[in-house]
Amino acid sequence: MTGVVRIERCELSAKGAIASLMQLYLYDLCEFEDGPLDEKGQFDLGAYFELYWTEPERHPFLIWVDGELAGFALVREMDAETYSLTEFFIRRGRRRAGLGAIAATQLFDQFRGNWQVAELANNLPAQTFWRRVIERYSEGRVSEEWSESEPQGPMQVFSNKVVE
């Protein structure tokens, strides 16, 4: 059963929430690509993380389900009307109920243009999820390419531009 899904732009004051969720996200990704822990037992968020609160072409979001924090998404505007969903996470316990698809659809609807969503080459669950969600969202108007940048792997490419 799905709940009420709401995505909300993450202001600087709530950056810590995404930083905490990123730890869970990176832990989940260890199954596909292990990363080292620092002396505090945390994963490095990378220099790009801070840029989401300083560069206007980067858009951090929190994902809420029934008023409870359930995940996050990071969207980057690559150039005029071209967007990349760089990170997307729904915490365990809130998965497999269609919530991720609803949140992704809400994100796509906020930014009209060309989209690219790439997954790690060996992250088969993510590939299955995104292929299904984007196929449905784009009504089959999607192509797949190989991403040479991070993450390296399949990348779905589609457009949701409004034609006038």
Side-chain angles (χ1 to χ4, degrees), residues 2 4-22 24-26 28-29 32-33 45-65 69-91 94-95 98-164:
T2 60
V4 176
V5 178
R6 177 175 54 92
I7 59 168
E8 172 184 285
R9 184 164 181 90
C10 182
E11 300 302 325
L12 181 60
S13 60
K15 178 173 78 169
I18 290 185
S20 294
L21 289 168
M22 281 283 288
L24 300 174
Y25 170 69
L26 293 169
D28 280 359
L29 286 180
F32 310 104
E33 182 179 79
L45 300 184
Y48 81 97
F49 180 77
E50 293 296 327
L51 299 177
Y52 276 86
W53 286 270
T54 60
E55 293 184 352
E57 67 273 9
R58 295 180 190 255
H59 311 279
F61 292 92
L62 291 170
I63 301 171
W64 300 85
V65 176
L69 187 56
F72 73 92
L74 301 178
V75 175
R76 183 174 178 202
E77 187 171 353
M78 306 303 284
D79 55 45
E81 296 185 2
T82 300
Y83 303 95
S84 175
L85 185 53
T86 59
E87 312 289 352
F88 184 87
F89 176 74
I90 301 293
R91 69 175 179 83
R94 287 299 193 165
R95 296 180 189 166
L99 304 171
I102 293 167
T105 295
Q106 289 179 15
L107 280 170
F108 295 150
D109 285 347
Q110 280 199 28
F111 300 92
R112 294 296 177 164
N114 301 310
W115 276 92
Q116 45 189 268
V117 179
E119 305 86 34
L120 288 168
N122 58 348
N123 189 344
L124 300 181
Q127 292 169 32
T128 300
F129 172 80
W130 287 113
R131 286 173 178 144
R132 181 178 39 82
V133 168
I134 294 169
E135 174 77 20
R136 187 176 303 138
Y137 179 83
S138 70
E139 298 176 337
R141 293 185 302 271
V142 57
S143 63
E144 190 164 287
E145 301 173 5
W146 186 262
S147 173
E148 292 296 340
S149 62
E150 290 297 321
Q152 288 187 342
M155 177 173 67
Q156 293 74 43
V157 178
F158 66 99
S159 178
N160 66 354
K161 285 184 183 182
V162 176
V163 180
E164 297 179 24

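- Closest non-hydrogen pair, Ile7 versus Gln106, comes out as N-OE1, 3.4 Å.
- A salt bridge does not link Glu55 with Arg76: none of the charged nitrogens is closer than 4.0 Å to a carboxylate oxygen.
- Residues Val75 and Gln110 have side chains not in contact (no heavy-atom distance under 4.5 Å, counting atoms from C-beta outward).
- Taken to the nearest 0.5 Å, the CZ atom of Arg112 stands 9.5 Å off from the OG atom of Ser159.
- Classification of the Phe111-Tyr83 ring pair by plane angle, with boundaries at 30° and 60°, yields tilted.
- For Tyr48 and Glu87, the side-chain atoms include at least one donor-acceptor pair closer than 3.5 Å.
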Show every donor-acceptor pair shorter than 3.5 Å between a side-chain atom in residues 9-16 and any protein atom, with sequence neighbours excluded, or say none if there are none.
| from | atom 1 | to | atom 2 | distance (Å) |
| --- | --- | --- | --- | --- |
| Arg9 | NH1 | His59 | ND1 | 2.9 |
| Arg9 | NH2 | Arg58 | O | 3.3 |
| Lys15 | NZ | Glu50 | OE1 | 2.6 |
| Lys15 | NZ | Glu50 | OE2 | 3.4 |

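- Counting heavy atoms from C-beta outward, Val142 and Tyr137 have side chains that stay 4.5 Å or more apart.
- Distance alone, capped at 3.5 Å, is enough to place a donor-acceptor pair between the Gln127 side chain and the Ala121 backbone.
- Once rounded to the nearest 0.5 Å, the distance linking CH2 of Trp64 with CD of Glu8 reads 6.0 Å.
- When every heavy atom of Ala70 is checked against every heavy atom of Val65, the shortest pair comes out as CB-CG2, 3.6 Å.
- In terms of heavy-atom proximity, Trp115 sits nearest to Leu107 at CZ2-O, 3.9 Å.
- Using a 4.5 Å cut-off on side-chain heavy atoms (C-beta onward), Pro125 and Phe32 make contact.
- Of all heavy-atom pairs spanning Leu85 and Trp130, the tightest one is CD2-CH2, 3.3 Å.
- The backbone N or O of Ser147 lies less than 3.5 Å from no partner atom in the side chain of Gln116, so there is not a single donor-acceptor pair.
- Counting only heavy atoms from C-beta outward, the side chains of Val157 and Asn114 never approach each other to under 4.5 Å.
- Atom CZ of Arg91 and atom CG of Asp28 lie 12.0 Å apart (nearest 0.5 Å).
- For the pair Gln156 and Glu119, the minimum side-chain heavy-atom distance is below 4.5 Å.
- When all heavy atoms are compared, the tightest approach of Gly100 to Ile90 is CA-CG1, 3.9 Å.
- The minimum heavy-atom distance between Tyr25 and Thr86, with the atom names listed, is OH-O, 4.5 Å.
- By the 4.5 Å heavy-atom criterion applied to side chains, Leu69 and Leu21 are counted as neighbours.
- The CG atom of Leu99 sits 5.5 Å away from atom CD1 of Ile102, with the distance rounded to the nearest 0.5 Å.
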side-chain contact (heavy atoms from CB on, under 4.5 Å) for Leu74 and Phe89? Distances and angles first, verdict last. CA-CA 9 Å; Leu74 301 178; Phe89 176 74; over 6 Å; no
